[in-house]
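Down below is the structure, laid out as structure tokens.
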Amino acid sequence: MHPCRRVQEAMNAAGVEYEKVIVGHGHPVPFLRKGSRDELEQATGTNKLPTLKLHDGTVISHSKRILAWVAKQAQS
Ligand SMILES: N[C@@H](CCC(=O)N[C@@H](CS)C(=O)NCC(=O)O)C(=O)O
């Protein structure tokens with residue numbers, strides 16, 4: 001399962017509401033990526049996927065950090 005999917009499934013399981021924005025399809029080989037990540041970079045300051053932006057503007061990148069945030073939400 002790729003990292004974006006892992007994050008999405010964890011958020012669904014934890015009941016975290018979110019808006020999913022697909023800005024560019026990832027690929028290990030940069031020139032095989034589809035779509036631009038400019039919009040993502042403008043909105044979050046990073047071009048990494050997965051990235052989560054919270055209502056307060058906090059940006060969390062990397063699936064492990066996002067999954068840790070999701071786990072905290074599930075506890076509270
Ligand atoms: N170690 C990173 C890997 C992230 C990753 O592989 N993301 C995929 C999309 S889910 C990707 O962007 N792959 C290559 C790319 O940059 O196009 C994480 O767990 O967040």
Side-chain angles (χ1 to χ4, degrees):
M1 198 191 300
H2 66 73
C4 296
R5 177 77 182 259
R6 201 175 306 131
V7 163
Q8 200 177 320
E9 293 202 353
M11 291 177 80
N12 290 341
V16 176
E17 287 186 21
Y18 60 92
E19 180 190 359
K20 178 176 169 181
V21 181
I22 300 175
V23 291
H25 289 272
H27 195 285
V29 181
F31 70 83
L32 292 179
R33 290 176 189 158
K34 288 180 190 157
S36 164
R37 292 188 185 182
D38 293 351
E39 190 187 329
L40 169 67
E41 200 158 359
Q42 265 183 358
T44 66
T46 179
N47 63 2
K48 302 287 182 214
L49 293 174
T51 290
L52 177 68
K53 187 170 184 182
L54 306 181
H55 285 298
D56 69 2
T58 304
V59 172
I60 310 173
S61 263
H62 198 291
S63 63
K64 280 187 183 163
R65 283 196 283 270
I66 298 172
L67 291 171
W69 180 87
V70 173
K72 264 194 191 169
Q73 308 314 302
Q75 286 165 9
S76 56

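Atoms within each ligand, like the ligands themselves, are counted from 1 in listed order. Positions are given from 1, in the same order as the sequence printed here.
Nearest protein neighbour of atom 14 (C) of ligand 1, counting heavy atoms only, is His27 O, 3.3 Å. Among protein heavy atoms, the minimum distance from atom 18 (C) of ligand 1 is reached at Ser63 OG, 3.3 Å. Closest to atom 11 (C) of ligand 1, if we only count protein heavy atoms, is Gly26 CA, 4.1 Å. For atom 7 (N) of ligand 1, the closest non-hydrogen atom of the protein is Leu49 O, 2.9 Å. Here the heavy atom of the protein found nearest to atom 12 (O) of ligand 1 is Arg37 NH2, 3.3 Å.
Taking every non-hydrogen atom of Arg33 and a distance limit under 4.0 Å, the qualifying atoms of ligand 1 come out as 15 (C), 16 (O), 17 (O). Near Pro50, the atoms of ligand 1 lying under 4.0 angstrom from a non-hydrogen atom of the residue are 20 (O).
Between His62 and ligand 1, at least one pair of N/O atoms sits closer than 3.5 Å. Checked against a 3.5 angstrom limit, the closest N/O atoms of His2 and ligand 1 fall outside it.
A donor-acceptor pair under 3.5 Å is absent between the side-chain atoms of Arg33 and the main chain of Gly24, judged by distance alone.
Ile66 and Val59 fall into different hydrophobic clusters, where Ile, Leu, Val, Met, Phe, Trp and Tyr side chains are chained together by heavy-atom contacts under 4.5 Å. In the hydrophobic cluster analysis, where Ile, Leu, Val, Met, Phe, Trp and Tyr join through side-chain heavy atoms closer than 4.5 angstrom, Val16 is grouped together with Ile60. Residue Val21 is grouped with residue Leu49 when hydrophobic side chains (ILVMFWY) are merged at heavy-atom distances under 4.5 angstrom, including chains of intermediate members.
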Glu41/Val23 under side chain to side chain contact (heavy atoms under 4.5 Å, CB included): CA gap, chis, key distance, verdict: CA-CA 10 Å; Glu41 200 158 359; Val23 291; over 6 Å; no

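In this structure the side chain of Trp69 reaches within 4.5 angstrom of the side chain of Gln73, judged on heavy atoms.
Closest heavy-atom approach to atom 9 (C) of ligand 1 within the set Ser61, Cys4, Gly24, Pro3: this belongs to Cys4.
For the pairing with Tyr18, the side-chain contact (heavy atoms from CB on, under 4.5 Å) check across Val70, Asn12, Val7 returns one residue only, Asn12.
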